[in-house]
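In what follows, a single structure is set out as structure tokens and then discussed.
Treat the numbers as computed from the prediction; the structure is a model and nothing was measured. One-based numbering along the sequence shown.
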Amino acid sequence: MGLGAAGGGGGETPMNDVSVAAPVRDGRPKIGLALGGGAARGWAHIGVLEVLTEAGFKPDVIAGTSIGAVVGGCYAAGKLDQLAEFATGLTKRRVVGLMDFHIGGAGLIGGNRLKRLLDRDLTGLRIEALPTRFVAIATELGTGHEIWLTHGPLVEALSASYALPGVFDPVKLGGRWLMDGALVNPVPVTAARALGADVVICVNLNSDLAGRGTTIHNHAAEPDPEILPELDVRPTSRWLGGITGAARRVRGLVGRQSEDRPGLAGVMIDAFNITQDRISRSRLAGDPPDVMIGPKLGRMGLFDFHRAQETIEFGRQATRRSLDDIEAAIAGSRLSV
């Protein structure tokens, strides 16, 4: 499988050297769509793509990171309806059932169950054969290279792009260990432009997180008083305590152990999300999109995969609000061609 590392390295052909831009067709600028990462919030991308297609703004190029790669890849393969049906059918129980927890790996979840689901509809499909130009963004473990997956098996590329460190095992492709692309390019505007887009629309799933990234200039380092749990002295408490304690630890892997103490996965995910938000701001400032769609997802949790119907609708609403801006951007680009 061929890999392109942005900036080069490792003897591979840099993605920027790949022949990209096709001529403008019928006087219409090529539309690029950059779909950002954000775990369960990524279901909003489905609503975005539905409205763009209905409005006649079908993307010619899609660049996706993490969940953005999954949704973008399914769209490019003509499988968006199947993905929407799967997403809206998820319940909390089904989400937990998809998590194949294991011990001894590089992540909490092996990811084989999710990959089998992707294989069901996408098996045998290759990126270079898709009717829509597509690239999935991943990060190389160790070097930190930004890897643009532009050809090869689609399912493998998607699995690498969403391999969240500490949660999913990294994926080895083309001699490189790859993990979540949001570590280096959370909203891949640069990739969409490099693949020949004249107008780039991006979807930033973290734009609505109020209060994120401010500076607290004067905060006390005094520790909070520790509140010890009350002991249960019933005769069966020792037997039940082992069971309930184990249950709490399992719950802690995917959320908060209590109101006051975060769980393991909760800490990892939130730390990753903070880093992703900071990187997004920096990269979008350096290479801004022509239009940014920002769904109002502040109340949607990163693991709320079972709330797909709401999340998709938020994506639809945000895109409808942006249609005038998109039309103006396309008109402006057409005049400059």
Side-chain angles (χ1 to χ4, degrees), residues 1-18 35-39 42 62-74 76-77 98-130 134-186 188 190-191 194-195 253 264-265 268-269 271-272 275-276 279:
M1 178 174 187
L3 301 174
E12 301 285 348
T13 302
M15 181 61 206
N16 292 346
D17 292 343
V18 175
L35 301 178
I62 297 179
T65 293
S66 197
I67 185 68
V70 174
V71 178
C74 288
L98 290 172
M99 297 180 182
D100 47 344
F101 292 102
H102 65 166
I103 299 174
L108 297 172
I109 300 172
N112 291 323
R113 294 178 186 173
L114 290 172
K115 188 176 179 182
R116 283 198 296 270
L117 281 175
L118 292 173
D119 274 325
R120 187 179 62 190
D121 290 317
L122 304 178
T123 187
L125 295 180
R126 295 181 65 85
I127 297 172
E128 65 271 24
L130 298 176
F134 175 71
V135 58
I137 309 300
T139 304
E140 185 178 15
L141 187 66
T143 66
H145 288 327
E146 179 178 336
I147 307 296
W148 295 6
L149 299 161
T150 58
H151 47 290
L154 178 60
V155 171
E156 299 294 339
L158 302 186
S159 299
S161 187
Y162 69 68
L164 189 67
V167 176
F168 290 102
D169 289 343
V171 177
K172 193 171 187 180
L173 301 177
R176 301 176 188 265
W177 282 104
L178 303 180
M179 53 189 177
D180 202 306
L183 283 168
V184 289
N185 199 349
T190 50
L195 264 66
L253 292 176
L264 172 61
M268 290 192 301
I269 294 294
F272 183 82
T275 303
Q276 176 180 313
I279 296 171

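- Residues Leu154 and Ala77 approach most closely at CD2-CB, 4.1 Å, considering heavy atoms.
- Qualifying side-chain contact (heavy atoms from CB on, under 4.5 Å) partners for Val184, counting only residues two or more places apart in sequence or in other chains: Thr139, Glu146.
- Residues Leu122 and Leu158 meet the side-chain proximity criterion, which asks for heavy atoms closer than 4.5 Å.
- With contacts defined as side-chain heavy-atom distances shorter than 4.5 Å, the pair Ser66/Leu164 does not qualify.
- The nearest pair of heavy atoms linking Ala163 to Pro170 is CB-CA, 4.3 Å.
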Full working for side chain to side chain contact (heavy atoms under 4.5 Å, CB included) between Val155 and Thr123: CA-CA 7 Å; Val155 171; Thr123 187; 5.7 Å; no
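- With sequence neighbours excluded, the residues satisfying side-chain hydrogen bond (donor to acceptor under 3.5 Å, both in side chains) with Thr143 are Glu140.
- Taking both residues in full, the closest heavy atoms of Ala76 and Phe134 are given as CB-CB, 4.1 Å, listed atom of the first, atom of the second, then distance.
- At least one side-chain heavy atom of Leu183 sits under 4.5 Å from a side-chain heavy atom of Pro165.
- Between the side chains of Asp180 and Ser161, not a single donor N or O lies within less than 3.5 Å of an accepting N or O.
- In terms of heavy atoms, Pro153 sits closest to Arg126 at CD-NH1, 3.8 Å.
- A side chain to side chain contact (heavy atoms under 4.5 Å, CB included) with Val135 is found for one member of Ile147, Thr150, Ile62, Ile127 and no other, namely Thr150.
- Here the OG1-CD1 distance, from Thr65 to Ile137, works out to 5.0 Å after rounding to the nearest 0.5 Å.
- Closest approach of Leu178 to Ala160, counting heavy atoms only: CB-CB, 3.9 Å.
- Contact check for Tyr162 versus Val171: no side-chain heavy atoms found under the 4.5 Å cut-off.
- Closest non-hydrogen pair, Pro186 versus Ile279, comes out as CD-CG2, 3.5 Å.
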